[in-house]
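The analysis underlying the following values was restricted to heavy atoms, covering all of them including side chains, and did not include hydrogens, waters or symmetry mates.
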Amino acid sequence: MQQKRNIQIIEWEDLDKRKFYSFGVFVTMAIRATVYPATLIRTRLQVQKGKSLYTGTYDAFCKILRSEGLRGLYRGFMVNTFTLISGQAYITTYELVRKYVSNYSKDNILKSLVAGGSASLVAQSITVPIDVISQQLMMQGQGGHLTRFKVKPKSSGAKASISFGQTRDIIAQIFAADGVRGFYRGYVASLLTYIPNSAVWWPFYHFYAEQLSKMAPSDCPHLLLQAMAGPLAAATASTVTNPMDVVRARVQVEGRTSVIETFNQLIREEGFCGMTKGLSARIISSTPTAIVMVVGYETLKKLSLRPELVDSRHW
């Protein structure tokens with residue numbers, strides 16, 4: 001019987017950091033552009049009351065495309081690209097914390113859990129203000145009546161275009177209404193959503209990859225197994241953390257101040273089914289995200305290997 005090989009993990013000390021960061025920007029940008037429409041749809045589904053505007057993910061996609069065009073699916077995208085900064089902070093924190101924890105434990109699950117949660121904490125501190133602004137832009141158009149802030153058209157009767165002029169308008173309105181604190185509205189809810197999501201995703205990713213490697217032929221490329229493990233881990237993490245993600249979206253878009261009050265109101269008005277709002281859109285968006293991220297990230301690490309290690313890694 002052929003012995004199954006464990007999937008080799010490329011660690012931080014194995015990387016050429018200049019290559020890693022240079023290639024990383026392009027990989028992250030490709031991921032953002034691929035999944036942004038699903039993120040926009042998820043936000044609108046989570047914020048709407050019941051099914052007042054859309055009946056589901058597919059219905060939202062068709063209505064937005066029909067009434068707002070392709071550009072409607074990318075409202076706020078230019079602002080969202082600034083999350084490239086948080087993406088690099090996330091990757092760096094994850095790899096450095098893994099390296100630090102390895103000094104005390106060789107358990108891969110523990111390293112992934114601690115590093116994933118720590119990386120999300122750092123990244124969300126940068127991302128939340130960007131999310132607050134981009135979500136307000138996402139809600140313009142059909143979802144405009146669901147948000148406190150409205151973009152002013154350039155001229156009477158003219159359809160608003162996606163531009164940095166709109167971004168300045170939204171920023172000014174948020175600051176006038178809530179001051180600097182307005183840009184961190186939903187920060188606690190974001191931490192309660194994304195720290196567990198990240199902490200759960202990485203251990204499940206490695207778990208699924210190892211389980212698949214035991215079932216697959218010994219000559220099966222590790223990258224293929226990792227590409228399959230990514231969506232499985234993403235679906236698991238999304239299901240676990242979706243209730244708090246619904247609360248986070250409502251806090252940030254509707255201008256609420258209490259996570260607990262928002263949660264209780266959601267339960268009263270829509271029951272526990274309200275906790276699943278946007279879950280299908282989230283899984284749909286997380287599936288290509290996970291595939292692109294895993295293939296891109298693992299390829300990025302392979303391309304960034306120090307020259308003397310290139311021949312030592314199975315691909």
Side-chain angles (χ1 to χ4, degrees), residues 9 11-12 15 17 20-21 24-25 27-28 31-32 35 39 42-43 46 79-105 107-135 180-207 230 233-234 236-253 256-260 262-263 282 285-286 289-290 293-294 297 300-301:
I9 299 174
E11 301 289 2
W12 182 249
L15 300 174
K17 307 307 185 295
F20 183 72
Y21 285 114
V25 172
V27 171
T28 305
I31 294 171
R32 304 285 184 193
V35 305
T39 302
R42 183 192 78 202
T43 299
Q46 290 176 334
V79 176
N80 193 260
T81 59
F82 284 99
T83 56
L84 285 172
I85 300 170
S86 64
Q88 296 304 304
Y90 180 95
I91 291 171
T92 302
T93 304
Y94 177 77
E95 294 293 347
L96 288 176
V97 172
R98 270 188 68 90
K99 180 180 178 182
Y100 177 78
V101 176
S102 67
N103 294 327
Y104 301 93
S105 173
D107 185 344
N108 187 54
I109 293 179
L110 178 62
K111 289 193 290 185
S112 300
L113 182 71
V114 176
S118 300
S120 187
L121 172 62
V122 172
Q124 284 305 305
S125 298
I126 302 171
T127 299
V128 168
I130 301 170
D131 271 350
V132 169
I133 298 167
S134 65
Q135 284 177 341
V180 175
R181 292 180 59 185
F183 296 101
Y184 274 91
R185 189 175 294 279
Y187 178 63
V188 173
S190 292
L191 295 182
L192 293 176
T193 301
Y194 290 114
I195 289 179
N197 187 83
S198 182
V200 167
W201 190 93
W202 286 102
F204 271 106
Y205 165 61
H206 291 300
F207 170 77
T236 302
S238 295
T239 302
V240 170
T241 62
N242 195 72
M244 188 52 65
D245 194 42
V246 176
V247 173
R248 176 196 61 82
R250 292 201 170 192
V251 167
Q252 291 181 332
V253 174
R256 298 174 179 272
T257 57
S258 172
V259 171
I260 296 175
T262 303
F263 179 84
R282 194 172 179 209
S285 68
S286 68
T289 301
M293 187 187 82
V294 166
Y297 188 58
L300 168 64
K301 292 208 291 186

- Cation-aromatic face contact Lys301/Trp12, 6.0 Å, 45 degrees: no
- Task: Check the pair Val128, Arg185 against side chain to side chain contact (heavy atoms under 4.5 Å, CB included), reporting the backbone distance first and the verdict last.
- Result: CA-CA 8 Å; Val128 168; Arg185 189 175 294 279; over 6 Å; no
- Please determine which of Thr127, Val97, Thr93 meets the side-chain contact (heavy atoms from CB on, under 4.5 Å) test together with Val122. Thr93
[X] [atom1] to [Y] [atom2] distance, which is reported to the nearest 0.5 Å:
X: Asp107; Y: Ser102; atom1: CG; atom2: OG; result: 12.0 Å
X: Ile195; Y: Ser120; atom1: CD1; atom2: OG; result: 5.5 Å
X: Asn80; Y: Ile130; atom1: CG; atom2: CD1; result: 7.5 Å
X: Gln46; Y: Asp245; atom1: CD; atom2: CG; result: 4.5 Å

- Task: List for me each residue that meets salt bridge (charged side-chain N to carboxylate O under 4.0 Å, His left out) alongside Arg32, sequence neighbours excluded, and say none if there are none.
- Result: none
- Sequence-distant partners of Val188, side-chain contact (heavy atoms from CB on, under 4.5 Å), two or more places apart: Leu192
Tell me every residue that passes side chain to side chain donor-acceptor pair (under 3.5 Å) with [X], counting only those two or more places apart in sequence or in another chain.
X: Thr241; answer: Asn197, Arg282
X: Ser238; answer: none
X: Tyr205; answer: Glu298

- Report the residues that fulfil ring-ring contact (aromatic ring centres under 6.0 Å, His included) with Tyr21, sequence neighbours left out, ordered by chain and then residue number. none
Please report the shortest heavy-atom distance between [X] and [Y], naming the atom on each side.
X: Leu121; Y: Leu191; result: CD1-CD2, 3.9 Å
X: Ser258; Y: Val251; result: O-CG2, 4.4 Å
X: Met244; Y: Ala189; result: CG-O, 3.6 Å
X: Trp202; Y: Gly116; result: CD1-CA, 3.7 Å
X: Pro203; Y: Ser112; result: N-CB, 3.8 Å
X: Ser190; Y: Arg248; result: OG-CD, 3.2 Å

- Would you check, one step at a time, whether the test side chain to side chain contact (heavy atoms under 4.5 Å, CB included) holds for Thr236 with Trp201? CA-CA 8 Å; Thr236 302; Trp201 190 93; over 6 Å; no
- Message: Please determine whether the number of non-hydrogen atoms from other residues, nucleotides or ligands lying under 6.0 Å from atom OH of Tyr187 exceeds 12.
- Response: yes
- Query: Under 4.0 Å between a Lys/Arg side-chain N and an Asp/Glu carboxylate O for Glu11 and Arg98?
  - Reply: yes
- Task: Please determine, by modelled atom types, if Ser198 and Tyr90 share a side-chain donor-acceptor pair under 3.5 angstrom.
- Result: yes
- Would a distance-only check, ignoring hydrogens and angles, find a side-chain to backbone donor-acceptor pair under 3.5 Å from Tyr194 to Gly117? no
